[in-house]
Amino acid sequence: MLVKTIFCGFGGQGVLMMGYTLANGGMNAGFNVTYLPSYGAEVRGGTANCTVVISDEEIASPIASNPENIIALNTPSLMAFQNRAASGGNLFINSSIISIEPTRHDIRVFKIPLADIAEKLGDKRTANTVMMGAFMKITGLIPPDIFLKSIESVMGSKKKEVVEMNRRAFEVGFDFLK
Amino acid sequence: MNKVLMQGNKIIGEAAIRAGCRFYAGYPITPQNELPEYMAENLRKIEGGVFVQSESELAAIHMVIGASAAGARAMTSSSSPGISLKQEGISSLAACELPAVIVNMMRGGPGLGNISPSQGDYLQATKGGGHGDYHIIVLGPASVQEIADLTMDAFDLADEYRTPVMILADGMLGQMMEPVVFKKPKPRNYPEKFMMKGAGGGKSKIIRGLILDPLDMEEHIWKLKRKYQMIAEKECRYELYETNDAELILVAYGTSSRIAKGAIKRLRNEGLRVGLFRPITLWPFPAEGLRELAKKVENFLVFEMSAGQMLEDVLLALKGKARIGFHGRPGGVVPTPAELSNVVLRKYNRKDGLTEIEE
């Protein structure tokens, strides 16, 4: 098993955090993982992205030229990355702010209105965790309880309420997709 | 110790501190900035720990010379253009037989180049780099775990042979996170007699690279040479991967060896018997291990993220005893396992005479 996932969006949307928690969860579930952020000459307010590879074998390359999963949180990153997705792969989009339709018809598309859901939950900042819930429901990459524990350890220094809020956001996202 | 998910650059910092590094000086450059950042944050919390963001690369390496002479475990880090600037000091460290660890997270070059991962500094690192008759030990990690292990080993090797040791990785290994477990560092074994601690009532010590009498200098260089020969005999390290039944051997180190392993998996699924020879010490180059393989295998393919640098060491090691091909992607391009497996497919069945090299 070898699954590559690209997370992309605005800087500040929690793109790198999503990748980091997924990689952590993968490690805690006993897999080999790599996490590679985009680095270098990025523009402030521009796009951010990272690549997570999860495998039960040694991982050759942390770079994904044809990832199985793409999570796009804004329109520019959807346009930049949708053509990379492997045929038959999954594309998760933040439909609260992405109004255009993906041009790919050979992949499964999941639209999740992250901002709307997160706002109802009471904290806009949980939008990325809502997405992780939806992502885990479809991919089944990591058992939800292990992933939730990883969120806890990643956010370890933050308040209990924050961890609890993220747990609820994950569950709502998980239940959002049938 | 638990497994943690950490970035390569920061792991070097943590492993160095655990290994007893108490002095770090450096000047910022992408893609290794997280290492000085980590040292700035964490070295100051350690008793006796000193972190300096120096005014230049030249200043940093010379501060390392001073700290090492005074007996500290000392380190500096940079990326390709910055390492070029440090070469004067590295030559001095070698001349003065001072231990130090230098990290090079290579990026695309020559010149300022770019900030993408590359392996274009192999020749600079393994053939001296600075002026004069010397070598430094060069370690080429291929995973974040190996970065942790080799960083600790680097300090031990530097002390044991009183020589600078370079960790030669690239932007990808520096930026990437992988799970890591830190091993227990060995206690330091470095005699006080080599440290500048003040003469007290005794004889003064002199550490210098300026030896004006050519005969004295010659003697010093032969002494260094004997040391290098001993290192070459004792410290070669390499990994063999799927070589037992191999018809073709890929030779690659660091990031490109990971890509090679990915290609080998694909090729083996198609029934091609391909293996990997991965040098871990780049200097000393594990030539003997390679020659051993050449007794059974005729086809070798050197694969680097450069225009062909380690290739020269492979040619020297095999001296016309094998068919040697090359595939390289210089300039900061990171090739895919799929690309490399296509290259191997073309070369796998070649039986034309033993040419020195074909590109």
Side-chain angles (χ1 to χ4, degrees), chain A residues 1-7 15-42 48-67 84 86-87 142 146-147 149-157, chain B residues 2-9 29-34 79 105 107-108 113-117 142-146 170-181 239 241-242 250 252 255-267 276 305 332-341:
Chain A
M1 169 270 237
L2 177 81
V3 179
K4 298 194 172 189
T5 306
I6 288 183
F7 297 84
V15 172
L16 300 184
M17 190 63 166
M18 292 165 91
Y20 183 60
T21 49
L22 176 62
N24 240 293
M27 176 181 76
N28 292 335
F31 293 114
N32 290 321
V33 298
T34 63
Y35 164 93
L36 184 71
S38 62
Y39 68 90
E42 304 283 356
N49 74 79
C50 66
T51 306
V52 175
V53 185
I54 295 185
S55 178
D56 51 10
E57 292 175 49
E58 202 174 332
I59 297 168
S61 172
I63 292 175
S65 32
N66 294 107
R84 280 223 214 159
S87 196
I142 303 165
I146 294 183
F147 182 75
K149 263 195 201 133
S150 302
I151 289 192
E152 231 170 279
S153 67
V154 167
M155 299 190 169
S157 55
Chain B
N2 288 334
K3 224 183 226 187
V4 286
L5 191 65
M6 267 179 98
Q7 191 194 42
N9 282 331
I29 184 170
T30 307
Q32 59 83 54
N33 283 327
E34 294 80 5
S79 179
M105 288 292 171
R107 56 186 240 178
N114 58 43
I115 57 174
S116 286
S143 70
V144 157
Q145 178 64 53
E146 205 171 39
D170 60 60
M172 191 154 92
L173 285 161
Q175 293 293 323
M176 179 167 73
M177 285 191 196
E178 278 186 311
V180 64
V181 179
E239 181 198 357
Y241 176 78
E242 303 271 14
L250 287 165
T255 291
S256 54
S257 71
R258 295 176 70 112
I259 297 163
K261 281 186 181 175
I264 289 168
K265 268 177 211 155
R266 282 165 180 261
L267 292 159
L276 170 73
M305 281 148 59
V333 176
V334 182
T336 62
E339 170 186 333
L340 180 60
S341 52

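We name chains A, B, ... by the order of the sequence lines, and we start the count at 1 in each one.
Of the charged side-chain nitrogens involved, none lies within less than 4.0 Å of a carboxylate oxygen, so that A:Glu58 and B:Lys265 do not count as a salt-bridged pair.
Note on A:Pro37, A:Pro62, A:Cys50: by heavy-atom pairs under 4.5 Å with chain B, the leading option is A:Pro62. The most heavy-atom pairs under 4.5 Å with chain A, out of B:Pro31, B:Gly262, B:Ala142, come from B:Pro31.
Applying the side-chain hydrogen bond (donor to acceptor under 3.5 Å, both in side chains) rule to B:Gln175 yields the partners B:Gln7, B:Glu34; only residues at least two apart in sequence or on another chain are considered.
In this structure, OH on A:Tyr20 lies 5.5 Å from CE on B:Met177, to the nearest 0.5 angstrom. To the nearest 0.5 Å, atom CG of residue B:Asn2 and atom OG of residue A:Ser153 are 10.5 Å apart. One distance of note links CD1 of A:Ile63 with CE of B:Met176; it measures 9.5 Å at 0.5 Å rounding.
At a 4.5 Å heavy-atom cutoff, the contact between B:Pro179 and chain A is made by backbone and side-chain atoms alike. Interface remark: B:Pro117 contributes backbone and side-chain atoms alike to the contact with chain A (heavy atom separation under 4.5 Å). Interface remark: A:Ser65 contributes side-chain atoms only to the contact with chain B (heavy atom separation under 4.5 Å).
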In residues 21-31 of chain A, what donor-acceptor pairs under 3.5 Å come from side-chain atoms, sequence neighbours left out?
residue: A:Thr21; atom: OG1; partner: A:Met17; partner atom: O; Å: 3.1
residue: A:Thr21; atom: OG1; partner: A:Met18; partner atom: O; Å: 2.9
residue: A:Asn28; atom: ND2; partner: A:Asn24; partner atom: O; Å: 3.3
residue: A:Asn28; atom: ND2; partner: A:Ser150; partner atom: OG; Å: 2.9

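Annotation: side chain of B:Met172 is in contact with side chain of A:Leu36 (closest heavy-atom distance under 4.5 Å).
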Handout entry: Check against side chain to side chain contact (heavy atoms under 4.5 Å, CB included), A:Val33 and B:Glu178
Key = CA-CA 6 Å; A:Val33 298; B:Glu178 278 186 311; 5.9 Å; no
